[in-house]
Amino acid sequence: MRAAVAARPGGAAAVSERAPEWHTDLYRMACDQFFRAADRLDLDPDECTRLTEPRRSLVVNLPIRMDDGALVNFAGYRVQHILTMGPTKGGLRYAPDLALGQCAALAMWMTWKCALLGLPFGGAKGGVRCDPSRLSAEEIERITRRFASELGPVIGPDQDIPAPDMGTGEREMAWLYDTYSQSAGHAVPAVVTGKPPALGGTPGRRDATGLGAVFALEAALERRRSPLAGQRCAIQGFGNVGSVAAAELHARGAKLVAVSDVDGAIADPAGLDIPAVLAWSGEHGSVAEYPEAEAIPRDALLELPCDVLIPAAMEHQITADNAARLRCRMVAEAANGPTTPAADEILADRGIPILPDVLAGGGGVTVSYFEWVQGHQRYIWSPSEVQERLRVQMRSALAEVLATSDGLGVDLRTGALVVAVRRVAEAAKLRAVYP
Ligand code: GLU
C-alpha cells in the first residue's frame with residue numbers, strides 16, 4: 001500500500017516535490033495518511049493536490065524587545081489549509097522547533113478533524129518558534145501581541161479563528177483577543193476561542209480535549225462490550241490534555257497505571273491516586289519525584305502492559321522503532337500525529353486498534369466551535385449543555401467511523417479519514433474551480 005501511494009502521480013512524494021516549502025517528515029506523514037483514504041475514495045490527482053497543499057501560508061518575523069534590552073527576531077507562522085468549508089480553525093503553538101512544514105501537517109489534520117466532527121471550518125495551525133519556558137511573562141506578552149497584530153489581516157471571526165495549542169493557553173488567547181479588538185475599535189469575542197471564561201470563553205473549553213478523548217474511548221469500549229471502569233490506562237503527557245483525561249478516567253473507575261510529562265514518568269501497577277498526583281504536579285510543576293509511585297524512564301511508559309495507551313503529548317511518539325514493543329490492547333490518540341504510518345502497520349498486524357487523533361483528539365476544537373457560536377450569538381450556554389453536546393458529537397463521529405471502517409474493512413484511522421476527506425472533496429467539487 002505505501003509503495004503504491006508513493007508511486008502515484010499525485011502521491012505523497014510528488015506532493016513534497018511540488019511543494020518544497022512544506023516538505024517535512026510530518027507533512028509527508030499527513031499526506032501518506034491522506035492517500036490511504038484518497039485511494040478508497042478514488043480521488044483523482046488534481047483533487048488530491050487541491051486537498052493536500054495548503055491554500056494560504058503566512059510567515060512573519062517578529063522583532064521583540066527582550067527584558068534585558070536586546071532585540072530578538074522570532075519566526076511566526078499561520079497556515080490555512082482549506083478555505084472550502086468555512087472559516088479556518090486551529091491552534092497557535094509556541095515551541096522551539098516550530099516550522100512551516102509542521103504547521104502545514106497540523107493544519108491538514110485540523111481540516112479532517114473539523115470535517116469528521118461536522119464543524120463548519122477548514123483547518124489551520126500556526127504559532128511562534130520560541131521556547132516559552134525560557135521567556136518571562138512580559139516577553140511572552142510582547143511576542144503574542146506583536147504576533148496578533150501581524151496576524152491581523154488573515155484572522156477574523158469569519159476568516160480564521162485561532163485557539164490554544166502546545167505552549168499557549170487562556171492567557172495568550174486573552175492577549176490575542178485584546179490586541180485584535182483594540183485595532184478593530186470594539187470587542188470581537190469570536191476572533192479567538194479558548195479565552196478565559198471571564199472574557200466569554202466557554203468554561204468547558206479547558207477540559208474539552210481530554211474529556212472528548214474519554215467520551216470517544218468510552219463509546220469505543222462499549223462497542224466491544226467492555227466497560228471503562230477497571231481499564232488499565234497509561235497516559236503519555238500530563239498537560240492540559242493528559243491530566244484532564246487522567247482525572248476523568250480515574251473518576252470513572254479506570255486504573256491509571258502510569259503517567260508522564262516532560263520531566264519524568266511514574267508507574268504503579270495497582271493504579272495511581274490521580275487526585276494526589278495532580279496535587280503533587282500542581283505544586284512541584286511535574287509528576288517526577290511523586291513519592292508514592294515508582295519512577296520509570298519516560299520512554300518506558302509506552303511499553304508498559306496496559307489496556308489503553310493514551311499518547312497525549314506530541315507527534316511522532318509511536319514509531320517503527322517501538323511499535324513492536326507496545327503491550328497495550330488499544331491506543332487512543334489524544335495528541336496530534338503521535339503514531340507514524342509505519343507504526344500503524346505494525347500495530348494493525350498485531351491486532352491493536354488505534355482510535356485516531358482526528359477523532360479522539362477532536363474534543364477541543366468541538367468545544368471551540370461551541371465557544372465561537374456563543375461569541376457570535378452573544379448567548380452563553382450552561383456548562384452542562386456544553387458537555388452534553390460534546391458527548392453527543394464525539395459519539396456520533398465515532399459511530400460513523402466504525403460504520404465506515406467496518407464497511408470498507410479498513411483500520412479506524414483510514415475509516416475516519418475516508419469520512420472526513422469525502423465531505424471536503426464533495427464540497428470542493430460543488431464549489432468547483434474559480435475562475
Ligand atoms: N489546538 C487544538 C487541536 O489541535 C484545538 C484547536 C481549536 O480549538 O481550534 O485540536
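We're numbering straight along the sequence, starting at 1. Start at 1 and go down the list; that is how both ligands and their atoms are numbered.
- Using a cut-off of 4.0 Å between Lys/Arg side-chain N and Asp/Glu carboxylate O, Glu388 and Arg391 are scored as salt-bridged.
- Counting heavy atoms closer than 4.0 Å to ligand 1, residue Leu106 contributes nothing at all.
- Across all non-hydrogen atoms, the minimal contact from Tyr177 to Ala187 is OH-CB, 3.5 Å.
- In this structure, the protein non-hydrogen atom closest to atom 8 (O) of ligand 1 is Ser368 OG, 2.5 Å.
- Of all protein heavy atoms, the one closest to atom 1 (N) of ligand 1 is Asp165 OD1, 2.7 Å.
- Where the criterion is an N or O separation shorter than 3.5 Å, residue side chain and backbone included, Met110 fails it with respect to ligand 1.
- Tested against Leu62 for a side chain to side chain contact (heavy atoms under 4.5 Å, CB included), the candidates Asn73, Val128, Val72 yield a single pass: Val128.
- Side chain of His81 to main chain of Leu51: a donor-acceptor pair is present (N/O by atom type, distance under 3.5 Å, no hydrogens or angles).
- Protein heavy atom in closest approach to atom 7 (C) of ligand 1: Ala163 CB, 3.3 Å.
- For atom 5 (C) of ligand 1, the nearest protein heavy atom (residue, atom name, distance) is Arg205 NH2, 3.4 Å.
- By the 4.0 Å heavy-atom criterion, Ala124 is excluded from the residues contacting ligand 1.
- Arg40 is listed as a side-chain neighbour of Val410, based on a closest heavy-atom distance under 4.5 Å.
- Of the residues listed (Ile380, Thr366, Thr202), the one engaging Val386 in a side chain to side chain contact (heavy atoms under 4.5 Å, CB included) is Thr202, and it is the only one.
- Of all atoms in ligand 1, listed by their number and element, those nearer than 4.0 Å to a heavy atom of Lys125 are 1 (N), 3 (C), 4 (O).
- Annotation: side chain of Met173 is not in contact with side chain of Arg205 (no heavy-atom distance under 4.5 Å).
- With a 4.0 Å cut-off on non-hydrogen atoms, Pro162 does not touch ligand 1 at all.
- In this structure, the protein non-hydrogen atom closest to atom 9 (O) of ligand 1 is Lys89 NZ, 2.8 Å.
- Using modelled atom types and a 3.5 Å distance limit, the side chains of Thr168 and Arg93 yield no donor-acceptor pair.
- Counting only heavy atoms of the protein, atom 10 (O) of ligand 1 lies nearest to Lys113 NZ, 2.7 Å.
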